[in-house]
Protein chains: 2
Amino acid sequence: MTPQDGARAVYRLGVLPSGTAGGDARERALAVARESTLEVPAGVASPAIEADLLGRLVELRPEDDGSVHAVIDYPGGIFDGSLPQLLNVLHGNISLLPGVRLVDVELSEGLCRAFPGPRFGISGIRERAASDAVGRPMVAAALKPVGLETPELASLAAGFARAGIDVIKDDHGVTDQAPSRFDDRVQRVAEAVLDTNAATGGSTAYYVNVTGPLESLTQRVSRAEEAGCGGVLIAPGLMGLEAMRMLAAGPTALPIMAHPSRGDVGPDRDSGISPELWYGLLYRLVGADSVVYVNAGGRFAWSLDTCNALNRRLREPLGSLRPALPVPAGGVQADDAPEWFRRYGSDTLVLIGGSLLAQPDPEAAARALVDQARRVAVDGESSLA
Amino acid sequence: MTPQDGARAVYRLGVLPSGTAGGDARERALAVARESTLEVPAGVASPAIEADLLGRLVELRPEDDGSVHAVIDYPGGIFDGSLPQLLNVLHGNISLLPGVRLVDVELSEGLCRAFPGPRFGISGIRERAASDAVGRPMVAAALKPVGLETPELASLAAGFARAGIDVIKDDHGVTDQAPSRFDDRVQRVAEAVLDTNAATGGSTAYYVNVTGPLESLTQRVSRAEEAGCGGVLIAPGLMGLEAMRMLAAGPTALPIMAHPSRGDVGPDRDSGISPELWYGLLYRLVGADSVVYVNAGGRFAWSLDTCNALNRRLREPLGSLRPALPVPAGGVQADDAPEWFRRYGSDTLVLIGGSLLAQPDPEAAARALVDQARRVAVDGESSLA
């Protein structure tokens, strides 16, 4: 299945308002293959260039819903080892066409090797977590809302650390606003968590949100390392996927958690990229150690199928790249957490955000959650996933 | 209309498969306002934070097609002066919701001031162009396809320069592949264009494509300056909008042309961002001097209304930021160019790519195009735009 060189992509050609997709599917598929590579009318490029670099339509598969899946092979020579050109070929100009959706991608091993993948991955995150965080799902909580002052966020973090939460992350909307400047927050919240760990013997990690101006990225990550953060949170949809790739390929010694904000993807779309490819394949490829996504049953109406596919993409073999940790979030209710622990299994970090903060005693609720995650392991229920 | 501080956004809430948008439009709009700001359930944040930082639903406007437009004001305090946080508030997590589309944005002057805008803009590009390029539309051509070797690209560029083309740009898919490495191309193509200018007295500008790894951006732009390029081409959809913002805010002394690849926008979508906001407002805000988009009548089936709205956004007053130059492209036929000259007026750079290369004599065809653009000015036809 893995192509020898270059990449294989599958596009869903949806039914257009003007008629069906079936009738002109071949023409549309050939247009996609040309637009993504040579981008000149037939006859302009030399026969040698057409033979070497034009995307090649391999198969057309009619689907039950009237759409057609077009399988296109892209030759290795069209790529240049960079992420921008990978994106350009897979989903560049054609992202502007109506009714074309990228639904599957297989990368050759050569292409995979051009990308860093997760430095820590699932096993690396687990090694840095509590000593009992083996064979059980992990639990994350969020520091929010924006508007809280740094001491309030630090106090919230200390409570979650006392409760044994594995990862505490900033809300991605808590950036560098007046109530909590980055430079202040990274110091004081990290200190609160480290102090609590020292008192309890715990090993809660604090992931500070480094999303912000590109010029400040390196410095913010250095500050996070110096302050003793356990990781960093970044929103590649806001800063650019290439910014995360650069961060992961650099000297950073902290796990990277990727946030899904401004993904502009969804299971409901006729165009764009499927969420499991965007978050499951591409985020992992460019170095996310853990990937937050909006879980089924939450505020975003994503299907369980999409979430399962995303989990699979993050964990399955991909060249020699490490697996990344799925982080279902986006309105997971604290009461439902045990169900998700069982359903998604132990290689999961379940993020309970607002629902935990809405409890009368967030620290006690967090402690109960961690206990439930531990019981999943004891009961062996994670094997049901 | 311009908000006092922060920003005003209008979202189209489309009809969902589950029913109509109208019935629950208020609930959906309030969910958008909350998701984009506090991101916690009602009751979690203090009354002071809710009053200060929660997005405020100002108006719901039912539309004829069953959708509802929701007008939401975002307070100044939710922003931090960075592009990532601007994107996060306007179209962050909510980009993952079904049937929510960002269709209008007004920024306060304070927010506008946080962004560089075009350094050169329309007048700056014109000043650097041929002395007769006043009061007439300008003409651009593209160097492609990928696979041509650098001497072939240089030869093509020399021909276009002899023809008096105003701007010659690399195809955005010509990056750093084996047949034409960036470092080689920037030197030799710039030299070919400069030599031709010296011989003809022309002032054709060569815009080299600097899209690539983020680590190499600064160096590639420096090379472009040293080689005598007239500008640079960058695809923010591939490198991140934030990368273009950083480039524009930096010391670069070359005009920036922005390419639309991987915009994942289109007039046909129920979600996402409207093309006129993405390319017309945001690209300009972060510093594009000229903005390539896929023109009506080309390969991408965009409507004339969308293109006109995009042109308007690029040219209209926006704080103290300069106007940016619209670059209609994406399958404009050489024969149709005069129509676009007249329709879009003199403040336009019409890019004829593949169609020019498909002519028996591209140089002669390019010369004819430039003559036509000059006649538009002589005839005063640009006033019809």
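Order of the sequence lines fixes the chain letters, A, B, ..., with proteins taken first and strands second; residue numbering starts at 1 for each chain. The analysis underlying the following values was restricted to heavy atoms, covering all of them including side chains, and did not include hydrogens, waters or symmetry mates.
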State, with a plain yes or no, whether a side-chain heavy atom of A:Lys169 is found less than 4.5 Å away from one of A:Asn209.
-> no
Just jot down the ring pair (Phe, Tyr, Trp, His ring centres under 6.0 Å) partners of A:Tyr293, sequence neighbours excluded, or say none.
-> none
Ring geometry between B:His172 and B:His259 (parallel below 30°, tilted from 30 to 60°, perpendicular above 60°) = parallel
Quick one: what part of A:Arg299 sits under 4.5 Å from any heavy atom of chain B, side chain, backbone, both or neither?
-> both
Can you say whether A:Asp171 sits under 4.5 Å from chain B via the side chain, the backbone, both, or neither, judging by heavy atoms?
-> side chain
Highest number of heavy-atom pairs under 4.5 Å with chain B: which of A:Leu86, A:Leu241, A:Leu83, A:Leu96?
-> A:Leu96
Could you tell me which portion of A:Val265 (side chain, backbone, both or neither) has an atom closer than 4.5 angstrom to a non-hydrogen atom of chain B?
-> both
Where does A:Leu148 contact chain B at under 4.5 Å (heavy atoms): side chain, backbone, both or neither?
-> both
Name the region of A:Leu238, side chain, backbone, both or neither, that has any atom closer than 4.5 Å to a heavy atom of chain B.
-> both
Using non-hydrogen atoms and a 4.5 Å limit, figure out which bit of A:Leu53 sits close to chain B: side chain, backbone, both or neither.
-> side chain
With chain B, the option among A:Ser95, A:Gly173, A:Gly240 that has the most non-hydrogen atom pairs under 4.5 Å is A:Ser95
Which bit of A:Ala45 is near chain B, if near means a heavy-atom gap under 4.5 Å: side chain, backbone, both or neither?
-> both
A:Val294 versus chain B, the contacting section by heavy-atom distance below 4.5 Å | side chain
Taking atom types as modelled, find out whether B:Thr175 and B:Gln177 have a side-chain donor-acceptor pair closer than 3.5 angstrom.
-> yes
Side chain to side chain donor-acceptor pair (under 3.5 Å) partners for A:Arg262, two or more places apart | none
